[in-house]
Enquirer: 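Just passing along the structure, written as structure tokens.
All ligand and atom numbering here is 1-based and tracks the order in the structure. These figures come from a predicted structure and were not determined experimentally.
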Amino acid sequence: MNLEGRCLCGGVRFEVTEPFLRTGVCHCEFCKRISGGYGTVSGRANTAAIHVLEGAELLTSYTPAGGSAKTFCSVCGSNLFGGGWPDSETSSVRLPSFGLEYDRKPEQHTFVRSVAEWEILPDDGLPRYDVRP
Ligand SMILES: [Zn+2]
Ligand SMILES: [Zn+2]
């Protein structure tokens, strides 16, 4: 099962060649700031299973103090990878990169201690963790 993802402008295309180890919604403050929303929704994969097919030269990374590298398309700003990609053993891949075709629900909510007043945490029955489980 190869999942093919892309950024908003289409300049970066990549594939993930192994099933995700886990998936989840992260509500930490970093994820809110980089997403412009409630947080990031990601699948965790072995970094070796993430292959950039096109537009590697467009990728740019930012590592916040106390956090891991987050990687964006420098043209359109789409947040594609986190968790220290490409130098970490496992990395996060943002599920919105796969578009509406990706049809599996995330498995958990993490960093719910950082849910903001303006943020709505869905009543979806998924386990919630104050930080990372
Ligand atoms: Zn782009
Ligand atoms: Zn986060």
Enquirer: Count the heavy atoms of every other residue, nucleotide or ligand shown that sit under 6.0 Å from CD of E57, and state whether that count exceeds 12.
Expert: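 Yes, enclosed.
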
Enquirer: Have a look at the Zn ion (ligand 1) and estimate, to 10 degrees, the angle subtended by SG (C9) and SG (C7).
Expert: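 The SG/SG angle about the Zn ion (ligand 1) sits at 100°.
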
Enquirer: How far does OG of S68 sit from CG of D87, to the nearest 0.5 angstrom?
Expert: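 If I round to the nearest 0.5 Å, the distance is 11.5 Å.
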
Enquirer: Please round to the nearest 0.5 Å and tell me the distance separating atom CD of Q108 and atom CZ of R128.
Expert: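 Rounded to the nearest 0.5 Å, the CD-CZ separation comes to 13.0 Å.
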
Enquirer: Show the numbers, then the answer: is there a ring-ring contact (aromatic ring centres under 6.0 Å, His included) between F72 and F81?
Expert: CA-CA 7 Å; F72 305 81; F81 309 124; over 10 Å; no

Enquirer: Which angle, to the nearest 10 degrees, do you find at the Zn ion (ligand 2) between SG in C28 and SG in C26?
Expert: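 My answer is 110°, to the nearest 10°.
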
Enquirer: Does H27 bring an N, O or S atom to within less than 2.8 Å of the Zn ion (ligand 2)?
Expert: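 No.
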
